[in-house]
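Input: a single structure, listed below in structure tokens.
Not measured: the values here are computed from a predicted model.
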Amino acid sequence: MGGIVWKALAAGAAIAAGTVANKSVTAIWSRTGKDQDIDPQNPHTPLGEALALAAVSALVAAVAKTVLTRKAAQYYENSAGHLPQPLRDREEARA
């Protein structure tokens, strides 16, 4: 049963991270004064702007996913008394 709970928590964290990242990137990008409707795949978009948006998007998404997944694991650990099995397996493999 714990495996299903962890999968649901991890999936929820990933979905929330995507939402947070999208809103954050939109806010960050609008503060730079750049066009909010930039299309990085359009060859008429300046390459520098497309790469900057890609870099900001990737960074924000990775940070959001890391933070929210860690919070989900912390919540699981507090509720169940131990880390989820996949995280315990990784800890044992490192030891």
The criterion is side chain to side chain contact (heavy atoms under 4.5 Å, CB included); which residues satisfy it with A54, sequence neighbours excluded? none
Return the minimal non-hydrogen interatomic distance between P86 and W6, and the atom names on each side. CG-CD1, 4.0 Å
For N42, check side chain to side chain contact (heavy atoms under 4.5 Å, CB included) against everything at least two apart and list the hits. D39, H44, T45
Kindly work out whether a path of hydrophobic side-chain contacts (I/L/V/M/F/W/Y, heavy atoms less than 4.5 Å apart) joins I28 to I38. yes
Take L87 and Y76 through the test side-chain contact (heavy atoms from CB on, under 4.5 Å) and record every step on the way to the result. CA-CA 11 Å; L87 297 181; Y76 183 98; over 6 Å; no
Out of the candidates T19, V20, V25, T26, only one should pair with K23 under the side chain to side chain contact (heavy atoms under 4.5 Å, CB included) rule; please name it. T19
Under a 4.5 Å side-chain heavy-atom rule over Ile, Leu, Val, Met, Phe, Trp and Tyr, are V5 and Y75 clustered together? yes
Closest heavy-atom pair, A61 versus A21, reported as atoms and distance to 0.1 Å, is CA-CB, 3.7 Å
Could you list the residues that satisfy side chain to side chain donor-acceptor pair (under 3.5 Å) with Q85, not counting sequence neighbours? R88, D89
Is L9 linked to L68 within one hydrophobic cluster, defined over Ile, Leu, Val, Met, Phe, Trp and Tyr using a side-chain heavy-atom separation of less than 4.5 Å? no
Quick one: pull up CG in L47 and CD in E49 and give me the separation to the nearest 0.5 Å. 10.0 Å
